[in-house]
Amino acid sequence: VSAMTVEREARLVGLAPSGLYRHFEGKSEMLDAVLAMVVGAVLETMRLGIRESPDPVSALHRILIDVTTLIRDHFGVPRLIFSDEVHVHFPELNAKLIEIVGSISREVSKVAEKGQKEGCIRNDMEPEDIGIMFLGLFQPSGLMYYLSDKKFDMLTQVEKAWVFFEENIAPR
């Protein structure tokens with residue numbers, strides 16, 4: 001993120017900087033557009049998993065695998081999310097990252113609430129707490145993947161975390 005400039009990005013896509021300046025005033029707007037794409041991809045992946053799963057627990061598992069795969073296959077996503085530059089120099093983008101994470105958590109909370117109503121997820125937990133715990137299934141793996149320069153096996157780790165999560169959200 002620190003090396004990103006309108007001029008550099010224009011060269012990378014074969015344009016003159018003026019071509020990009022017609023669409024983006026600067027780095028902040030380019031990063032904002034990237035975040036919008038990420039949000040769209042993540043939320044669409046989640047909604048597809050919810051629609052195509054037979055029950056809420058299966059939906060949560062599918063969301064976990066599909067979002068982890070999305071992150072793994074798009075290495076720029078964790079680089080952007082964990083970038084100090086975004087958090088320090090672009091407070092408006094940091095606020096958007098917080099909203100993105102909140103959106104994911106809220107979607108998961110809705111699935112958890114549905115599972116509680118259907119009796120396949122325990123009722124003594126708040127759906128919002130389940131949503132936050134769900135984020136903890138792939139966030140550490142995403143960080144390890146990023147820090148290891150793609151050497152950490154995210155999918156294997158989230159599958160292991162899923163076993164514990166599924167066991168702990170099951171009705172008692």
Side-chain angles (χ1 to χ4, degrees), residues 1 28 31-147 152-172:
V1 174
S28 178
L31 289 169
D32 189 46
V34 170
L35 283 177
M37 283 181 13
V38 169
V39 170
V42 168
L43 291 177
E44 181 54 35
T45 296
M46 291 178 69
R47 290 179 184 127
L48 183 65
I50 292 166
R51 274 194 313 271
E52 294 183 355
S53 297
D55 60 78
V57 174
S58 297
L60 291 175
H61 186 243
R62 169 126 185 226
I63 290 167
L64 177 66
I65 298 308
D66 291 353
V67 170
T68 300
T69 301
L70 184 72
I71 292 167
R72 184 200 63 199
D73 293 348
H74 297 88
F75 191 61
V77 172
R79 291 183 69 127
L80 178 62
I81 291 170
F82 297 121
S83 167
D84 281 342
E85 183 168 348
V86 169
H87 301 289
V88 173
H89 299 294
F90 298 100
E92 69 282 358
L93 294 176
N94 189 57
K96 283 192 177 192
L97 281 171
I98 291 168
E99 179 53 35
I100 290 167
V101 172
S103 296
I104 294 168
S105 180
R106 283 189 296 279
E107 289 294 319
V108 170
S109 297
K110 290 177 192 174
V111 175
E113 186 172 13
K114 182 177 186 229
Q116 288 174 327
K117 289 177 183 169
E118 293 178 9
C120 60
I121 294 178
R122 60 193 275 189
N123 284 314
D124 62 338
M125 298 173 71
E126 293 297 323
E128 294 78 16
D129 294 337
I130 293 171
I132 295 295
M133 285 187 282
F134 182 85
L135 294 175
L137 296 175
F138 61 83
Q139 194 270 346
S141 296
L143 179 60
M144 292 296 294
Y145 181 69
Y146 170 69
L147 294 174
F152 185 79
D153 187 349
M154 287 178 63
L155 283 173
T156 297
Q157 187 57 45
V158 297
E159 284 288 7
K160 290 177 183 178
W162 171 257
V163 172
F164 290 104
F165 181 78
E166 183 179 29
E167 185 177 296
N168 284 289
I169 64 168
R172 306 227 170 209

What distance do [X] atom [atom1] and [Y] atom [atom2] have between them, rounded to the nearest 0.5 Å?
X      : Y      : atom1 : atom2 : result
Asp129 : Ile169 : CG    : CD1   : 13.0 Å
Ile121 : Leu60  : CD1   : CG    : 5.0 Å
Thr45  : Ile50  : OG1   : CD1   : 11.0 Å
His61  : Glu159 : NE2   : CD    : 3.5 Å
Leu97  : Leu31  : CG    : CG    : 9.5 Å

Decide if atom NE2 of His89 counts as having more than 12 heavy atoms of other residues, nucleotides or ligands within a radius under 6.0 Å.
yes
Identify the two heavy atoms, one from Gln116 and one from Met125, that lie closest to each other, and give their separation to 0.1 Å.
NE2-O, 2.7 Å
Taking every non-hydrogen atom, the tightest pair across Leu137 and Leu64:
CB-CD1, 3.7 Å
Quick check: do Met46 and Val108 have side-chain heavy atoms less than 4.5 Å from each other?
yes
Quick one: sort the Phe138 and Phe134 rings into parallel, tilted or perpendicular, breaks at 30° and 60°.
perpendicular
Is it true that Ser103 and Arg106 share a donor-acceptor pair across their side chains at a distance under 3.5 Å?
yes
For the side chain of Ser109 and the backbone of Pro127, is there at least one donor-acceptor N/O pair under 3.5 Å apart?
yes
Side-chain donor or acceptor of Glu128 paired with backbone N/O of Ser105 under 3.5 Å
no
Salt-bridge criterion met for Glu107 and Lys110 (N-O under 4.0 Å)
yes
